[in-house]
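Note that the structure is predicted; figures quoted are calculated from it, not measured. For this chain, numbers begin at 1 and follow the sequence in order.
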Amino acid sequence: MVKYYKTENNKIVALDEFESRCWVELVNPTDDEVEDVMAYSGIPEEMLKAALDEEESARVEVDEGSTMYIVDSPMLVDTEDGDQYTTIPVAIIYNPKCIVTVSLNTDPVLTGFHSNRTKVSTLKPVGFVLNFMLGNVKRFSSLLKQIDKKSLRLQAELHKSMRNQELIELLELQNSLVYFSTALSANSTVQGRLSRLESVQSNEEYQDLQEDILIETKQAVEMCSIYRDILKTTMDAFSSVISNNVNNVVKRLTIITILVAIPTLIAGLLGMNVKLPFGMDSFDGSPWEFWIVLGICVLLVVIFSVVLVKSTDSVKIRTPKQVKKKRRRD
């Protein structure tokens with residue numbers, strides 16, 4: 001898809017065709033659309049197709065009078081498994097003829113430009129790039145807050161019921177924070193190159209924008225780092241809880257297995273075709289024979305139950321608070 005815009009009376013207006021000093025927006029363009037824009041603008045094909053690679057890294061490139069800035073932009077993707085957070089490369093290319101933006105999906109920051117929510121001018125390409133980077137890093141911060149809220153909601157659900165779905169979603173959020181952290185780091189390098197431009201250093205308005213970008217980027221990096229640490233700690237805690245629950249289940253099953261083995265052992269010994277010790281042969285043929293054996297089994301099961309429960313309680317791990325309470329009681 002290709003669209004044309006231009007600044008008229010301090011507003012971005014849509015155009016029907018290419019004009020000098022306009023803004024060309026390419027969203028997942030076809031080869032024919034790339035060739036048309038290349039013919040109009042004189043921008044090399046390699047630059048126009050660079051951002052169409054999802055793995056393209058953030059960088060700055062100058063070639064044949066055209067300057068390209070590629071930055072990673074955060075995206076909220078709606079999938080069958082729910083919302084997913086990821087990043088895609090967005091290229092902003094400019095030369096004396098026009099500004100061209102290239103991306104695989106519609107970028108919300110660029111949407112704010114041509115809807116005039118954010119004031120930009122197609123006649124000032126450096127200001128266009130700075131405004132995009134400022135809006136881009138603010139979107140990082142906005143999505144990071146969404147991730148934090150979603151993480152808190154999932155943790156609350158896990159406290160009620162430990163299910164795989166919530167754990168998988170927490171893992172996906174953790175992966176998203178890794179992508180965001182890497183993207184913010186790469187974008188910082190591009191912003192550093194942009195800040196050294198003479199046109200930025202000599203323009204007070206651009207300097208203010210650059211300062212705002214640096215502040216917002218620093219805040220976003222700190223937020224991302226904090227949320228990553230919190231989520232990692234949370235995942236480790238839930239992993240320990242799950243492991244503890246499994247150990248408790250195994251412990252109960254072991255006790256049950258031991259207790260069930262006692263009647264089985266007694267029945268097996270009494271069922272042997274040999275002479276029994278302790279005068280037990282005298283009960284043979286007695287009407288109370290079954291009940292006597294059953295009573296012995298029940299008695300042994302009860303005794304072993306008490307012994308096993310006490311032995312497991314004696315090795316129970318206590319928290320520091322529980323240890324203090326026990327000492328006070330003693």
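- Salt-bridge annotation for Glu61 and Arg59: present, with a side-chain N of the basic residue lying under 4.0 Å from a carboxylate O of the acidic one.
- Relative orientation of the Tyr5 and Trp23 rings is tilted, given thresholds of 30° and 60° on the angle between their planes.
- Cluster membership check: Val260 does not share its hydrophobic cluster with Val301, using side-chain heavy-atom separations under 4.5 Å among Ile, Leu, Val, Met, Phe, Trp and Tyr.
- Among Leu299, Leu300, Val298, the single residue meeting the side-chain contact (heavy atoms from CB on, under 4.5 Å) criterion with Val302 is Val298.
- Remark: Phe304 CZ is loosely packed, at most 12 non-hydrogen atoms of other residues, nucleotides or ligands lying under 6.0 Å away.
- Looking only at distances, no side-chain donor or acceptor of Ser181 sits under 3.5 Å from a matching main-chain atom of Val178.
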Stepwise side chain to side chain donor-acceptor pair (under 3.5 Å) check, Ser141 with Gln219: CA-CA 8 Å; Ser141 299; Gln219 291 177 349; 5.7 Å; no
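- With hydrogens and angles disregarded, no donor-acceptor distance shorter than 3.5 Å links the side chain of Glu25 to the backbone of Thr101.
- Under the 4.5 Å side-chain contact rule for hydrophobic residues, Val90 and Ile12 share a cluster.
- A side-chain donor from one of Gln155 and Ser151 sits under 3.5 Å from a side-chain acceptor of the other.
- When the side chains of ILVMFWY residues are joined at heavy-atom separations under 4.5 Å, either directly or via intervening members, Ile99 and Tyr40 end up in two distinct hydrophobic clusters.
- Between Leu143 and Met75, the closest heavy-atom pair is CD1-N, 4.2 Å.
- When each of Leu15, Thr122, Val13 is paired with Cys22, the side-chain contact (heavy atoms from CB on, under 4.5 Å) condition holds for Leu15 and for no other.
- Between Leu104 and Asn28, the shortest heavy-atom distance links the atoms O-CB, 3.4 Å.
- Aromatic pair Tyr179/Tyr85: ring centres not closer than 6.0 Å.
- Heavy-atom minimum distance, Thr87 versus Pro74: CG2-CA, 4.2 Å.
- No chain of hydrophobic side-chain contacts below 4.5 Å, direct or via other Ile, Leu, Val, Met, Phe, Trp or Tyr residues, connects Tyr4 to Val120.
- Ser66 and Ile93 make their closest contact through CB-CG2, 4.2 Å (heavy atoms, listed as atom of the first residue, atom of the second, distance).
- When the shell of 6.0 Å around NZ of Lys6 is examined, it contains more than 12 heavy atoms from other residues, nucleotides or ligands.
- Under the 4.5 Å side-chain contact rule for hydrophobic residues, Leu231 and Leu171 share a cluster.
- Residues Asp72 and Ala186 share a closest heavy-atom pair of OD2-CB, 4.1 Å.
- Gln191 CD to Leu134 CG: the interatomic distance, rounded to the nearest 0.5 Å, is 9.5 Å.
- At most 12 heavy atoms of other shown residues, nucleotides or ligands fall within 6.0 angstrom of atom CG in Asn10.
- Within 6.0 Å of the CZ atom in Arg153, the count of heavy atoms belonging to other residues, nucleotides or ligands exceeds 12.
- Of all the heavy atoms in Glu33 and Pro29, the pair that sits closest is OE1-CA, 3.2 Å.
- Atom NZ of Lys3 has 12 or fewer neighbouring heavy atoms from other residues, nucleotides or ligands inside a 6.0 Å radius.
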Test log, rule side-chain contact (heavy atoms from CB on, under 4.5 Å), inputs Asp36 and Val2: CA-CA 10 Å; Asp36 291 341; Val2 56; over 6 Å; no
